[in-house]
Colleague: 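Take a look at this one; I'll ask things after.
Computed from a predicted structure; not experimentally measured. Chain naming here is simple, since letters A, B, ... match the order of the sequence lines and numbering starts at 1 in each.
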Number of protein chains: 2
Amino acid sequence: MLDRTHLKIIQAIQQYGTLTKSAEALHLTQSALSHAIKKLDAELGVPMWEKEGRQLRLTQAGKRLSSLANRVLPQFEHCESQITDIAKGRRGTLRIGMECHPCYQWLLKVIEPFLREWPDVDIDVKQEFQFGGLGALLGYEIDLLVTPDPLFRRGLEYVPVFDYEHVLVVNSDHHLASVEYAKPSDIGRDVLITYPVEASRLDIFSQFLLPAGCSVKQHRTLETTEIMLHMVAAGRGVGALPKWLVEEYSDHLDLIPVRLGKKGMFKQIFMGIREEDQAIDYVAEFINTAQL
Amino acid sequence: MLDRTHLKIIQAIQQYGTLTKSAEALHLTQSALSHAIKKLDAELGVPMWEKEGRQLRLTQAGKRLSSLANRVLPQFEHCESQITDIAKGRRGTLRIGMECHPCYQWLLKVIEPFLREWPDVDIDVKQEFQFGGLGALLGYEIDLLVTPDPLFRRGLEYVPVFDYEHVLVVNSDHHLASVEYAKPSDIGRDVLITYPVEASRLDIFSQFLLPAGCSVKQHRTLETTEIMLHMVAAGRGVGALPKWLVEEYSDHLDLIPVRLGKKGMFKQIFMGIREEDQAIDYVAEFINTAQL
DNA sequence: TCAAAACCATGAACAATGCTCATAAATGTT
DNA sequence: AACATTTATGAGCATTGTTCATGGTTTTGA
């Protein structure tokens with residue numbers, strides 16, 4: 001019967017390439033591994049690897065097994081650590097996925113009191129997912145998703161956690177610094193600085209520039225909010241961020257928020273969880289504190 | 001180490017309630033099971049069950065394990081059967097998920113030539129999913145999703161497979177039988193027959209009646225297309241279905257398709273797969289034949 | 001080209017794990 | 001209280017997986 005050890009074996013061989021090294025990683029002898037894979041091939045009736053000289057290449061069947069390993073093993077590990085956490089009196093780890101870059105700053109503020117109140121719960125924040133945040137939630141890679149884009153599905157629950165206005169950020173020298181609101185064509189000669197995600201996921205493109213058929217002189221990306229704001233304050237470009245975030249920095253930096261379009265761009269951030277997890281006390285409590 | 005057998009045990013006990021029956025189902029003696037769960041509890045450091053008299057109830061930790069079992073075991077089984085299929089020279093099973101009821105008829109037409117061309121591939125059609133069709137695709141419950149509602153995510157590919165017009169169906173005695181198109185208020189005194197899914201997933205509600213603030217006299221649901229059409233032909237109500245589907249039955253049944261709104265309601269159906277599966281020949285071929 | 005190095009395969013012996021059997025204890029039923 | 005059903009326990013057995021020792025194969029590099 002296909003078993004967790006088999007998945008570990010296939011994963012190790014994928015990772016290390018040779019039996020000898022894999023065996024070492026698995027705390028086995030090379031012999032044991034050799035026996036094991038021979039038996040596995042025999043049991044399943046088809047080899048998992050083909051040998052090209054010394055190279056081991058996965059067969060079609062092996063690829064299936066490898067795919068199973070990659071998605072199932074992490075779940076085993078997480079479940080195990082959750083349970084041993086419970087055993088030790090700790091409550092476990094809340095794995096939070098983020099689909100909106102600037103929310104990170106907000107999350108930090110929420111996390112702090114939570115960690116104080118729940119000393120026996122750990123928090124883990126992840127930002128990259130193979131199938132996107134929703135996929136990660138459904139695939140049990142994360143337990144909680146912070147997203148501006150709630151895709152309601154059966155079995156999932158979304159809760160709005162906060163509203164904010166998305167604004168353009170410029171410095172006081174910029175020609176838009178004193179206007180009431182910015183039009184899409186106003187930034188045609190500017191450098192736009194954003195987080196490094198696909199343009200389709202950036203509201204400034206999808207909901208402001210693109211619908212009006214406008215573009216910018218240059219599009220630059222930066223990982224960190226702080227540096228982004230420093231660049232804007234230095235007149236090296238304009239940004240698009242939550243207004244509250246801009247206001248937090250406008251004490252020490254020369255930053256002016258400018259409304260996007262006449263009506264402004266108002267966003268709502270949601271937290272999504274799996275229905276079944278609603279019953280877990282610290283999950284419920286996290287959502288509670290986050291809503292304040 | 002947590003293992004597949006442990007997951008099977010917890011699942012069996014959930015299902016059968018008592019150790020004795022579970023042991024039988026697992027082809028073990030009651031003694032073996034008793035030993036096994038004792039060891040499991042000891043290894044994890046926390047009991048998985050609490051005894052209320054003779055009743056076994058899952059603890060918090062046990063619930064985690066049970067949840068793991070429920071989502072992981074099916075994947076083991078599917079992977080195993082895929083591989084043994086390959087071993088036997090068969091190619092495996094293409095698991096198709098359907099999120100649109102009337103597409104079933106269309107699928108039947110597509111499946112037929114495919115099964116002829118690929119005698120070593122089986123097809124499995126599923127319609128109910130815990131986390132909806134998308135969740136099933138991401139969770140490896142299905143390999144291919146037929147849906148009117150493509151949610152583009154990283155790691156997924158969607159292909160449009162066909163377009164159709166969604167129409168109201170009435171019989172020739174109905175007062176709408178001869179009009180050019182139906183307005184939302186026109187069916188306020190009718191019985192509307194639909195498939196048994198939430199109203200929010202029925203376009204006739206979400207895109208026709210609701211936006212106009214209209215409703216119907218009564219809303220009935222029926223599983224099968226055929227009976228639904230018989231009811232309509234008998235004047236017992238009106239339906240909302242793809243035009244091509246209505247036309248297929250209008251030879252033997254008294255059915256008239258009526259455009260929904262002045263501009264009609266045009267829909268597009270997509271097939272979604274995981275990117276990684278694009279390389280599998282029979283999957284690619286299925287999509288090809290389906291696009292014709 | 002040939003030896004050395006790295007890697008893999010195999011069989012026998014051993015160790016550990018899990019299973020069964022037999023039986024006792026606990027729980028629920030009448 | 002007696003009985004039926006279910007669970008727990010310990011000892012012995014069987015299976016499985018592991019190591020050890022060794023021989024074969026592929027690759028490397030002088």
Colleague: For A/H27 and D/dT18, give me the distance from atom NE2 to atom C1', rounded to whole Å.
Modeller: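 Rounded to whole Å, this separation is 15 Å.
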
Colleague: Tell me whether the guanidinium CZ or amine NZ of A/R274 lies under 6.0 angstrom from the six-membered ring centre of A/Y140 and within 45° of its axis.
Modeller: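 Yes, a cation-pi geometry.
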
Colleague: Do the ring planes of A/F152 and A/F270 sit parallel (below 30°), tilted (30 to 60°) or perpendicular (above 60°)?
Modeller: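 Plane angle over 60°, so perpendicular.
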
Colleague: Of all the choices, D/dA8, C/dA9, C/dA12, which nucleotide is nearest to the side chain of A/H35 once you look at every atom?
Modeller: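 Output: C/dA12.
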
Colleague: For A/L26 and D/dT19, what is the distance between atoms CG and C1' respectively, to the nearest whole Å?
Modeller: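 After rounding, the reported distance stands at 16 Å.
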
Colleague: Mind calculating the distance between CD1 (B/I9) and P (C/dG18) to the nearest angstrom?
Modeller: 10 Å

Colleague: Between B/K51 and D/dA8, does any side-chain N or O lie under 4.0 Å from OP1 or OP2?
Modeller: yes

Colleague: Respond yes when some side-chain nitrogen or oxygen of A/S34 is under 4.0 Å from OP1 or OP2 of C/dA9, and no when none is.
Modeller: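 It does, given that an N or O in the side chain of A/S34 lies less than 4.0 Å from OP1 or OP2 of C/dA9.
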
Colleague: Which nucleotide in the list D/dT7, C/dC8, C/dC19 gets nearest to the side chain of B/Q30?
Modeller: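 Output: D/dT7.
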
Colleague: How is A/S31 classified with respect to the nucleic acid when contacts are heavy atoms under 4.0 Å: base, sugar-phosphate, or nothing?
Modeller: base

Colleague: Just the rounded figure in Å: distance from P of D/dT18 to CE of B/M1.
Modeller: 10 Å

Colleague: Is it the case that more than 12 heavy atoms not belonging to B/E24 sit under 6.0 Å from its CD atom?
Modeller: no

Colleague: I want to check one thing: is the phosphate of C/dT10, taken as OP1 and OP2, less than 4.0 Å away from some side-chain N or O of A/K38?
Modeller: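 Yes, A/K38 has a side-chain N/O under 4.0 Å of OP1/OP2 on C/dT10.
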
Colleague: Between B/L56 and A/A36, which residue's closest nucleotide on DNA chain D lies nearer the 5′ terminus?
Modeller: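 It is B/L56 whose nearest nucleotide is closer to the 5' end.
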
Colleague: Measure CG/A/D41 against P/C/dT10 and give the value in whole Å, please.
Modeller: 11 Å

Colleague: Report which part of the nucleic acid A/L33 touches: base, sugar-phosphate, or nothing (heavy-atom distance under 4.0 Å, all strands).
Modeller: nothing

Colleague: Base, sugar-phosphate alone, or nothing: which one does A/T20 contact when heavy atoms must sit under 4.0 Å apart?
Modeller: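 Sugar-phosphate, backbone atoms only, no base.
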
Colleague: From CG of B/L28 over to P of D/dA14, roughly how many Å is that when rounded to an integer?
Modeller: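 From B/L28 CG to D/dA14 P: 18 Å.
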
Colleague: From the set C/dC7, C/dC21, D/dT9, return the single nucleotide nearest to any side-chain atom of B/T29.
Modeller: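 Closest of the options to the side chain of B/T29: C/dC21.
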
Colleague: Counting only heavy atoms not in A/Y158, do more than 12 fall under 6.0 Å of its OH?
Modeller: yes

Colleague: Count the heavy atoms belonging to other residues, nucleotides or ligands that lie under 6.0 Å from CD of B/E128, then report whether that count exceeds 12.
Modeller: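 It does not: B/E128 CD has 12 such atoms or fewer within range.
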
Colleague: How many Å lie between CG on A/L19 and C1' on D/dT26, as a whole number?
Modeller: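 Checked: the CG to C1' distance equals 13 Å.
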
Colleague: Report the residue (B/A32 or A/A32) whose heavy-atom-nearest nucleotide on DNA chain C is the more 5′ of the two.
Modeller: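 So the residue in question is A/A32.
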
Colleague: Can you tell me how far C1' of D/dT6 sits from CD of B/E24, to the nearest Å?
Modeller: 13 Å

